[in-house]
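Remarks on the structure that follows.
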Amino acid sequence: HYELSERDITVLNIGAWFHDVGHLSTDPAMHEQKSAELVKEWLADKGDNAGLADETAELILATKLSTTPQGLIQEIIKDADTYHFGTGDFKKIDKLMKKEMALRNLPVSDWEKNTLMLLESHQFYTSYCKEQLETGKQKNMAKIKKKIDESNQENASRTVLPVEEAKGK
């Protein structure tokens, strides 16, 4: 779509391969930093591509949620990392993410509320993703809001009339 240079495509491909490998050996909050370290180690002895190490590491660090990407290839990987936010597969992928976090013994309470906050604070950076995915992301947010509202109404009705009393009447 963007007619990138061969160098940018190489950096993007290597960065995409490595951007989440840090999950294998460190806390999720630090996985990008670990992934950047691992890509630098891997590229160190790769001849012509060794010169791509710093740029690829910075590309990986751009996938941190709190980071604003600098330049088009960082925008592309940042959007690729959150692409599913705007797709019809979002619900399925979000369930898998929740399952993964639970299997890693990480907190999953208030998952829907946290997911909604994530989507509300998120933005796509490339014109492509803005055009192709923003509407889908808004629809996914609306579905989560509806689920949260329904859950809140259900919890409120239990508070007003406990389940045991409701069954006896």
Side-chain angles (χ1 to χ4, degrees), residues 1-2 12-13 15-36 38-39 58-169:
H1 182 80
Y2 290 104
L12 268 170
N13 280 321
W17 291 336
F18 276 84
H19 87 281
D20 275 343
V21 298
H23 277 291
L24 299 172
S25 59
T26 193
D27 180 76
M30 297 299 296
H31 84 274
E32 294 95 349
Q33 184 63 41
K34 185 64 175 179
S35 296
L38 291 169
V39 80
E58 289 197 23
L59 182 83
I60 290 168
L61 294 174
T63 63
K64 286 186 72 115
L65 289 174
S66 61
T67 301
T68 301
Q70 304 298 311
L72 181 58
I73 63 171
Q74 287 188 11
E75 290 176 352
I76 290 170
I77 198 162
K78 181 97 172 183
D79 283 355
D81 200 29
T82 57
Y83 191 87
H84 67 285
F85 288 3
T87 69
D89 288 335
F90 174 77
K91 183 178 178 180
K92 181 174 94 176
I93 294 169
D94 192 52
K95 282 183 180 182
L96 291 171
M97 291 290 298
K98 181 178 180 181
K99 184 177 181 179
E100 177 184 342
M101 294 299 123
L103 289 170
R104 294 177 73 182
N105 297 316
L106 296 168
V108 293
S109 61
D110 292 326
W111 185 263
E112 286 81 14
K113 288 179 185 176
N114 290 330
T115 300
L116 180 59
M117 287 184 350
L118 173 62
L119 292 176
E120 288 174 337
S121 67
H122 170 269
Q123 73 176 70
F124 288 113
Y125 291 91
T126 62
S127 58
Y128 179 86
C129 285
K130 287 176 184 177
E131 293 166 10
Q132 300 296 318
L133 300 172
E134 187 61 37
T135 300
K137 184 180 86 169
Q138 295 300 321
K139 288 178 183 177
N140 290 329
M141 288 170 48
K143 290 175 186 176
I144 295 170
K145 285 178 187 175
K146 182 179 178 185
K147 185 174 181 178
I148 290 170
D149 288 346
E150 288 170 354
S151 177
N152 287 342
Q153 288 175 356
E154 185 178 308
N155 290 338
S157 67
R158 284 188 193 147
T159 303
V160 173
L161 186 59
V163 174
E164 298 81 35
E165 289 182 35
K167 288 180 181 176
K169 293 189 176 196

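The shortest heavy-atom contact between S25 and K34 is OG-CE, 3.4 Å. Among all heavy-atom pairs drawn from I60 and A36, the shortest one is CG2-N, 4.0 Å. When all heavy atoms are compared, the tightest approach of L106 to P28 is CD1-CG, 3.4 Å. Shortest non-hydrogen contact noted between G22 and S35 is N-OG, 2.8 Å. Contact between H31 and H19 at its shortest, heavy atoms only, is CD2-O, 3.6 Å.
Atom-to-atom distance recorded for I144:CD1 and K91:NZ is 10.0 Å, nearest 0.5 angstrom. Interatomic distance, F90 CZ to K139 NZ, rounded to the nearest 0.5 Å: 15.0 Å. How far CD1 of I77 is from CG of D81: 7.0 Å, rounded to the nearest 0.5 Å. Considering CG of L38 and CG of L24, their distance stands at 8.5 Å, rounded to 0.5 Å. For the atom pair CG (D110) and OG1 (T115), the distance works out to 10.0 Å, reported to the nearest 0.5 Å. Distance check: I76 CD1 to H1 NE2 gives 9.0 Å after rounding to the nearest 0.5 Å.
Every residue two or more places apart in sequence or in another chain was checked for a salt bridge (charged side-chain N to carboxylate O under 4.0 Å, His left out) with K143, and none qualifies. With sequence neighbours excluded, no residue forms a salt bridge (charged side-chain N to carboxylate O under 4.0 Å, His left out) with K64. The ring pair (Phe, Tyr, Trp, His ring centres under 6.0 Å) test applied to Y2 returns no partner, not counting sequence neighbours. With sequence neighbours excluded, no residue forms a side chain to side chain donor-acceptor pair (under 3.5 Å) with Q123. Scored by the ring pair (Phe, Tyr, Trp, His ring centres under 6.0 Å) test, Y125 finds no partners at all (sequence neighbours excluded).
Ring-plane geometry between F85 and H122 is classed as perpendicular, the angle between the planes exceeding 60 degrees on a 0 to 90 degree scale with a lower cut at 30.
Side-chain atoms of M101 and P107, non-hydrogen and from C-beta on, never get closer than 4.5 Å to each other. In this structure the side chain of Q70 never reaches within 4.5 angstrom of the side chain of E58, judged on heavy atoms. Looking only at side-chain heavy atoms (C-beta outward), T67 and L61 stay at 4.5 Å or farther from each other. E112 places none of its side-chain heavy atoms less than 4.5 Å from the side chain of S151. Residues V39 and V21 fail the side-chain proximity criterion, which asks for heavy atoms closer than 4.5 Å. When side chains are defined from C-beta on, T82 does not count as touching K137, because their heavy atoms never get closer than 4.5 Å. The side-chain heavy atoms of M141 and L116, taken from C-beta on, include a pair separated by under 4.5 Å. Residues L59 and F18 are not in side-chain contact: their nearest non-hydrogen atoms beyond the backbone lie 4.5 Å or more apart.
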Next item on the list: Show your working on side-chain contact (heavy atoms from CB on, under 4.5 Å) between D89 and H84 and close with a plain yes or no.
Entry: CA-CA 7 Å; D89 288 335; H84 67 285; 5.8 Å; no
Next item on the list: Take K145 and I148, measure what side-chain contact (heavy atoms from CB on, under 4.5 Å) needs, and give me the verdict at the end.
Entry: CA-CA 5 Å; K145 285 178 187 175; I148 290 170; 5.7 Å; no
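Looking only at distances, a side-chain donor or acceptor of N140 sits under 3.5 Å from a matching main-chain atom of G136.
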Could you go through residues 92-100 and list every donor-acceptor pair under 3.5 Å that involves a side-chain atom there, pairing it with any protein atom two or more places apart or in another chain?
| unit_1 | atom_1 | unit_2 | atom_2 | d |
| --- | --- | --- | --- | --- |
| D94 | OD1 | W111 | NE1 | 3.2 |
| D94 | OD2 | W111 | NE1 | 3.0 |

